[in-house]
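Every chain is numbered from 1, with letters handed out A, B, ... down the list of sequences.
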Amino acid sequence: MDFRLTEDQQALRRGVRDLLEGRFGREALRAAVDSGGALDRDLWRGLGAAGFFALRLPEEAGGVGLGLPEAVLVFEEAGRALLPGPLVATHLAAGSVPGAAEGDVVVTEVAEGLVPWLDAADVVVGDASGAVPVRSVDPLTPLHRVPLPPPAPGGEETSPEAVLLTAAEQVGSAGRTTAEAVSYARRREQFGQVIGGFQAVKHLCAGMLVRTELARAAVRAASLTVDPVEIAGAKLLADEAATANARDCLQVHGGMGFTWEADVHLHLKRAWVRAGLRLPAARAEEAVAAGL
Amino acid sequence: MDLSCTDEEEEFRARLAAWLAATLPGLPPRPDPLDWPARRAYDCGWQRRLYDAGYADVHWDASPTQRLIFLEETELAGAPYVGANFVGLLHAGPTIAAEGTPAQRARWLPPVLRGDEVWCQGFSEPDAGSDLASLRTKAVRDGDAYVVTGQKIWTSHAEVADWCELLVRTDPDAPSRHRGITWLAMPMDAPGVTVRPLRTLAGSTEFAEVFLDEVRVPVENRVGEENDGWRVTMVTLSFERGTAFVGEVVACRRLLGELARAARKNGTWDDAVLRRRLGRLSAEFQALWRIVQANVSEAQATGGVPGAGGSVFKLHYSHARQELYEAAAAVLGPDALDLGRDWTLDRLSSLSYTIAAGTSQIQRNIVAERILGLPKGR
Ligand SMILES: Cc1cc2nc3c(=O)[nH]c(=O)nc-3n(C[C@H](O)[C@H](O)[C@H](O)COP(=O)(O)OP(=O)(O)OC[C@H]3O[C@@H](n4cnc5c(N)ncnc54)[C@H](O)[C@@H]3O)c2cc1C
């Protein structure tokens with residue numbers, strides 16, 4: 001047993017982080033928000049070319065030939081960068097929907113009565129008939145609402161892989177908001193000292209790290225066991241980490257945190273969307289309880 | 001990232017599980033939890049069985065993975081808890097193994113593994129709890145001995161211990177208070193040692209005040225250099241916070257399973273709020289176990305002493321475990337008020353988890369300062 005990242009995995013993570021910083025850094029993020037949140041097809045193809053969607057396809061099929069543990073690392077980075085778009089759905093469609101692997105085709109799916117990125121998508125998985133647009137809380141995730149079908153007996157489940165990759169994005173976001181809070185706490189001065197020296201602030205930051213680490217350990221372990229109960233638990237903790245950390249990050253930023261200018265609201269809103277789209281808390285808790 | 005075990009490790013697991021299945025049914029009944037002398041005898045008897053069966057040295061000599069397998073299997077099987085041997089096996093022993101001389105290791109480690117000698121921890125003082133470095137118990141060198149005078153408090157198992165890992169001040173004039181401290185192994189039967197048990201809120205005498213009146217401790221009992229005890233203490237605390245509670249995470253998973261069974265039986269399982277609460281706790285303990293595996297992997301790679309990551313674990317673990325007993329009370333209803341139930345006593349005991357081994361506030365300081373790099377408070 002060695003639960004640390006291998007050197008290859010560390011290199012992969014660094015590579016993805018560098019790639020995303022180059023292609024979707026802070027400027028690009030804010031520009032995307034200002035432009036009203038249209039899907040950037042160039043970026044999408046760039047991700048495709050970098051192997052983002054084909055990551056788990058076998059090399060014979062033109063893929064990268066990596067596994068779920070690596071995909072989890074990559075999606076963690078996507079969450080950290082707040083990368084927009086139906087990333088999970090397109091990634092899962094690679095290999096079955098032509099063009100998805102290359103980033104030429106955008107695939108979205110119906111989940112929990114919502115469809116993200118419906119207008120931008122070329123292919124929709126699930127029944128989107130009767131979809132009506134809603135004013136999405138997240139400026140970078142357009143949403144449509146579809147009437148929820150009555151739950152089928154034995155119900156069709158959200159794919160565990162989709163749940164896990166969404167959880168990985170949440171972990172990335174939780175790590176990012178922790179880093180942002182710590183960095184602000186080391187810069188901002190009040191009462192003649194940096195606020196990070198105040199215990200009340202320090203303890204908020206420590207709590208953020210604990211939530212992140214707990215969720216990260218859960219997500220990474222679940223990527224190895226692929227156990228549906230462990231995946232449900234990981235999603236639960238990752239949702240909690242992403243949403244609660246965004247709120248604490250906002251608190252550490254004071255009035256600045258409540259502005260459109262600070263990125264923290266973007267993390268909070270995306271975290272809410274991810275928490276709502278796949279295996280929301282109540283169902284995740286039930287799934288874990290059923291395993292007891 | 002790899003969670004799998006080698007064939008050899010799986011073989012160890014199977015052998016241990018078989019041994020536990022054969023051994024546990026023959027154990028004598030557990031003693032009254034409030035009777036510490038009886039508990040010492042019971043805990044040491046169990047340790048002796050582990051020793052005779054060849055499982056005791058898993059604490060210091062086995063690979064970290066093997067140690068985790070040991071903790072997982074013994075806890076899942078419901079084997080006795082380390083109990084009175086907590087300090088000896090889980091932090092005094094590891095400290096001596098890491099910092100002691102060969103002679104010290106040969107003198108003190110085997111009796112702990114055999115269950116012959118019990119240790120306690122004399123760190124806290126009435127005026128030095130969270131602020132441990134302000135401790136005042138003094139030791140003055142006199143020939144081949146230190147003469148120790150002062151008072152310790154909250155010393156768990158002092159009533160039944162043979163040895164004490166004792167922190168003393170050897171240089172009151174040191175330029176920093178962290179520099180004048182020394183780590184000693186003190187025999188509890190030395191003249192001048194008086195133990196006065198304190199009653200806990202659970203009614204137990206599990207800890208005590210220890211008065212030290214010119215107690216002579218041989219210089220050869222010093223672990224590490226004179227005045228270098230703070231560094232040795234950090235090693236002890238990193239074991240205490242980093243690895244000592246690891247097995248109990250598994251115990252919590254087992255308890256949660258018991259609770260779910262009890263809830264299904266008495267109908268409280270139909271309460272969705274309670275059911276979901278148990279589900280959330282289950283996810284948390286599972287994740288805590290994964291954190292343990294991550295910390296152990298890290299320690300294994302960097303040479304053994306656990307890092308500040310232990311505080312991340314300890315913080316969440318202590319709160320989650322308290323929450324477990326609150327959920328248990330909701331499941332048990334009126335039975336939760338019956339002191340005759342293990343659950344009730346354990347619920348009371350769990351109140352100490354966020355205090356002992358460094359309070360949650362202190363752990364948050366450690367996480368913020370040592371991991372996140374925020375400035376030290378004044
Ligand atoms: C069941 C039990 C067993 C124990 N066993 C042992 C043992 O075997 N050996 C041993 O040496 N000790 C033992 N202890 C002692 C334990 O380590 C101390 O109780 C603990 O470190 C806290 O110290 P204190 O009790 O003096 O509380 P204090 O330090 O007085 O703390 C009181 C409150 O103030 C808070 N506080 C203090 N300083 C700060 C700060 N800087 N920032 C924010 N908050 C702060 C604390 O978090 C706490 O809430 C045991 C304690 C318990 C409860």
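- Most heavy-atom pairs under 4.5 Å with chain A, from the set L288(B), L3(B), L278(B), T6(B): that is L3(B).
- Enclosure of atom CD in Q251(A) is not indicated, since only 12 or fewer non-hydrogen atoms of other residues, nucleotides or ligands lie within 6.0 angstrom.
- Under the 3.5 Å distance criterion, with hydrogens and angles disregarded, a donor-acceptor pair is assigned to the side chains of H267(A) and S173(A).
- The local environment of CH2 in W19(B) is crowded, with over 12 non-hydrogen atoms from other residues, nucleotides or ligands closer than 6.0 Å.
- Within the 4.5 angstrom heavy-atom criterion, atoms from both the backbone and the side chain of A282(A) approach chain B.
- When each of G233(A), A284(A), A217(A) is scored by its heavy-atom pairs under 4.5 Å with chain B, the top score falls to A217(A).
- Ranked by heavy-atom pairs under 4.5 Å with chain A, the list G257(B), A287(B), S311(B) is led by A287(B).
- Between chain A and the residues S297(B), A263(B), S360(B), the largest count of heavy-atom pairs under 4.5 Å involves S297(B).
- Residues T354(B) and T359(B) are not in side-chain contact: their nearest non-hydrogen atoms beyond the backbone lie 4.5 Å or more apart.
- Considering only heavy atoms from C-beta on, V64(A) stays 4.5 Å or farther from E59(A) through its side chain.
- Crowding of R370(B) atom CZ: a count of heavy atoms from other residues, nucleotides or ligands under 6.0 Å not exceeding 12.
- Residue E213(A) touches chain B through both its backbone and its side chain, counting heavy-atom pairs closer than 4.5 Å.
- Here E285(A) is the residue among E230(A), E285(A), R211(A), R220(A) with the most heavy-atom pairs under 4.5 Å with chain B.
- Looking only at side-chain heavy atoms (C-beta outward), Q66(B) and C5(B) stay at 4.5 Å or farther from each other.
- Contact of L224(A) with chain B is made through the side chain alone, with heavy-atom distances under 4.5 Å.
- Contact of L237(A) with chain B is made through the side chain alone, with heavy-atom distances under 4.5 Å.
- Heavy atoms closer than 4.5 Å to chain A are found in the side chain of E369(B), but not in its backbone.
- For chain A, the nearby part of W269(B) is the side chain; its heavy atoms alone come within less than 4.5 Å.
- Here I291(B) is the residue among I291(B), L68(B), V367(B) with the most heavy-atom pairs under 4.5 Å with chain A.
- The parts of L372(B) that come within reach of chain A are both its backbone and its side chain, each placing non-hydrogen atoms under 4.5 angstrom from that chain.
- You'll find the ring centres of H91(A) and F53(A) outside the 6.0 Å limit.
- Side-chain contact between W343(B) and V331(B) is absent, with no heavy-atom pair separated by less than 4.5 Å.
- Residues Y353(B) and Y325(B) keep their aromatic ring centres 6.0 Å or farther apart.
- With respect to chain A, the highest number of heavy-atom pairs below 4.5 Å among D2(B), I366(B), V296(B), L259(B) belongs to D2(B).
- Most heavy-atom pairs under 4.5 Å with chain A: of the set A368(B), P375(B), G309(B), this distinction falls to P375(B).
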